[in-house]
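What follows is a set of notes on a single structure, which appears directly below.
Index from 1, following the sequence.
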Amino acid sequence: RLEYVDNLFRTPEDKKETGLSVIEPKVQAWLQNGLNTYSIDYKLTDWRYFDSSDDDFTDHQFNIDVHHEFNAKNVWNIYGEYWDAHEERGTGLSEGVAENIDEPVEFVRETYGTDYTFGNRESKGRLTLDAKYQDIEYQNFRDDTQYRDHDSNRLKGTFFWKVGAKTDVLAEVQYKEVRYDLIDPFRRGGSFDSDEYNYFLGVSWDPTAKTSGTIKLGNFDRSYESDLREDDDGFSWEVDVSYKPRTYSVFKLTSSRFSQETNGIGDSVNTQETRLDWDHNWSARHSTRLSGLFRNEDYSGTDRQDDLYGFEAAYNYAMRRWVDLGAGFRYEDRNSDLDLFDYDRNRVFLEAKFSL
């Protein structure tokens, strides 16, 4: 992929322009035994900036996935990921201070998870249990980033009850535990360790002629081990709905409220995000995608609140079975209560995808 960006570091002023190239080879090996599948893949992503070589970086990602069906009503999945990667300057821990550091922040993230489903979509009742562990460790700027290393445990249980041929009602409980390796002695507030519960009731329906999706509404409750940090609770939701007016055209709406770990300001980031995508196949070879995004980030324990708007338009041409050519444009605009974090950014790209 070849790109041009007009604000590399996402700064409000003195914007850095540059071109860049991204090369992303991926190899996957898999074994299929009836309905059971076992796969492992590796992806390398190499970033080269024409006018900012300090930002050049190569990411490495390994994944393993196992899908095992004991029978029609007992399905088990297990997965793992190792990601040696970086945060683009101006994002993550370098948000607002990209021009004050001379290279991207590097991190290693390990993820392990499993889920088990008893029952199937034809059953009157169905239960899914899910567990995931994730560990993040930063690799440079250790005087500061050592205090951001953390791990998390997530547990989720969802019970579905069939009320129609293609419709289920559901009840779900989610639990997330976050634990940090160290406490920063120079910051007030003490430990960032926290526990969060989400409780949902909702409805899910299988694909019909035009629609499919899941809607969950509920409540969240996040508490901190430190009494110096402010607990948070309120309305929570997850929406994932698709509308297909034609066989060659689909609209997808996703919206959710979720918590993010703070990058240094506030206790955590209470995030509300809504995205609308429209994919349209104009012919067997020509397709387009239009995407719109709105995100509100509320930094609990502070007065900071950000609104992020995004728009993307992309075109794809299936030149051959093994070659896709594409082009696109993306616009981002963030408005923050703290002017330091305001920015707007334009990105144009050309890409080619090759497969065996």
Side-chain angles (χ1 to χ4, degrees), residues 77-81 83 92-93 95 107-117 127-138 144-159 170-202 214-240 254-273 295-306:
N77 296 296
I78 185 169
Y79 57 89
E81 178 190 71
W83 196 19
L93 299 188
E95 187 179 77
F107 67 90
V108 169
R109 188 180 75 189
E110 297 181 25
T111 305
Y112 308 98
T114 184
D115 63 75
Y116 171 76
T117 300
L127 176 66
T128 298
L129 301 174
D130 189 304
K132 183 168 76 171
Y133 168 81
Q134 188 172 91
D135 179 80
I136 297 178
E137 183 176 313
Y138 292 92
D144 297 314
T145 62
Q146 61 178 319
Y147 303 114
R148 309 310 304 162
D149 295 347
H150 65 276
D151 58 69
S152 62
N153 291 289
R154 303 172 190 240
L155 300 174
K156 181 172 73 172
T158 311
F159 180 71
L170 65 89
E172 181 173 286
V173 177
Q174 299 179 11
Y175 169 71
K176 179 183 177 182
E177 172 194 81
V178 180
R179 296 293 181 264
Y180 282 78
D181 295 353
L182 298 171
I183 297 175
D184 188 345
F186 302 105
R187 292 185 54 133
R188 62 183 301 273
S191 172
F192 280 100
D193 293 356
S194 66
D195 298 272
E196 180 175 326
Y197 289 90
N198 279 266
Y199 308 95
F200 292 110
L201 294 175
T214 301
I215 298 175
K216 306 174 190 177
L217 304 177
N219 188 76
F220 78 95
D221 188 344
R222 179 165 179 148
S223 59
Y224 295 90
E225 286 198 351
S226 171
D227 293 335
L228 299 176
R229 301 199 180 279
E230 183 178 343
D231 295 345
D232 197 11
D233 61 74
F235 181 59
S236 193
W237 69 91
E238 293 182 5
V239 175
D240 187 346
T254 56
S255 182
S256 62
R257 188 230 63 91
F258 55 93
S259 295
Q260 299 182 89
E261 296 308 297
T262 176
N263 55 17
I265 295 179
D267 301 329
S268 65
V269 188
N270 190 359
T271 304
Q272 302 174 18
E273 181 176 288
R295 180 189 300 143
N296 174 266
E297 296 177 335
D298 184 3
Y299 289 71
S300 64
T302 75
D303 294 329
R304 179 184 172 185
Q305 190 168 145
D306 295 359

Return the [atom1] to [atom2] distance between [X] and [Y], rounded to the nearest 0.5 Å.
X: Asn198; Y: Asp233; atom1: CG; atom2: CG; answer: 11.0 Å
X: Tyr199; Y: Phe220; atom1: OH; atom2: CZ; answer: 12.5 Å
X: Ile215; Y: Glu238; atom1: CD1; atom2: CD; answer: 12.0 Å
X: Leu201; Y: Leu170; atom1: CG; atom2: CG; answer: 7.5 Å
X: Leu155; Y: Asp130; atom1: CG; atom2: CG; answer: 8.5 Å
X: Thr111; Y: Asp151; atom1: OG1; atom2: CG; answer: 11.5 Å

Apply salt bridge (charged side-chain N to carboxylate O under 4.0 Å, His left out) to residues Asp195 and Arg179 and explain how you reach the verdict.
CA-CA 9 Å; Asp195 298 272; Arg179 296 293 181 264; 3.3 Å; yes

Tyr197 OH: over 12 foreign heavy atoms closer than 6.0 Å:
no

More than 12 foreign heavy atoms under 6.0 Å from CD of Glu230: is that the case here?
no

Minimum heavy-atom separation for [X] to [Y], with atom names?
X: Lys176; Y: Ser152; answer: CE-CB, 4.4 Å
X: Asp231; Y: Tyr224; answer: OD1-N, 3.0 Å
X: Gly218; Y: Phe200; answer: N-CD2, 3.7 Å
X: Asn263; Y: Gly92; answer: ND2-O, 3.3 Å
X: Gly190; Y: Ile183; answer: C-CG2, 4.0 Å
X: Ser226; Y: Ser191; answer: CB-O, 3.6 Å

For [X] and [Y], test the side chains for any donor-to-acceptor distance below 3.5 angstrom and give the result as yes or no.
X: Asn296; Y: Gln272; answer: no
X: Glu273; Y: Ser256; answer: no
X: Tyr112; Y: Glu110; answer: yes

Heavy-atom side-chain contact between [X] and [Y] under 4.5 Å:
X: Asn153; Y: Tyr175; result: no
X: Ile136; Y: Trp83; result: no
X: Lys216; Y: Thr214; result: yes
X: Glu81; Y: Tyr79; result: no
X: Phe107; Y: Leu93; result: no
X: Lys132; Y: Lys156; result: no

Could you walk me through whether Arg295 and Thr271 pass the side-chain contact (heavy atoms from CB on, under 4.5 Å) test, one step at a time?
CA-CA 7 Å; Arg295 180 189 300 143; Thr271 304; 3.6 Å; yes

Quick check: does any side chain N or O of [X] sit under 3.5 Å from a backbone N or O of [Y], one acting as donor and the other as acceptor?
X: Asp149; Y: Tyr138; answer: yes
X: Thr262; Y: Ile265; answer: yes
X: Ser255; Y: Val239; answer: no
X: Ser300; Y: Ser268; answer: yes
X: Thr114; Y: Asn77; answer: yes

All salt bridge (charged side-chain N to carboxylate O under 4.0 Å, His left out) counterparts of Glu137, not counting sequence neighbours:
none

Any pair with a residue in residues 255-269 that passes salt bridge (Lys or Arg N to Asp or Glu O under 4.0 Å), sequence neighbours left out, goes on the list, sorted by first then second residue, please.
Glu196-Arg257, Arg222-Glu261, Arg229-Asp267

For Tyr180 and Phe192, take the angle between the two ring planes, folded into 0 to 90°, and tell me which bin it lands in: parallel under 30, tilted 30 to 60, perpendicular over 60.
tilted

The ring pair (Phe, Tyr, Trp, His ring centres under 6.0 Å) partners of Tyr147 (sequence neighbours excluded) come to none

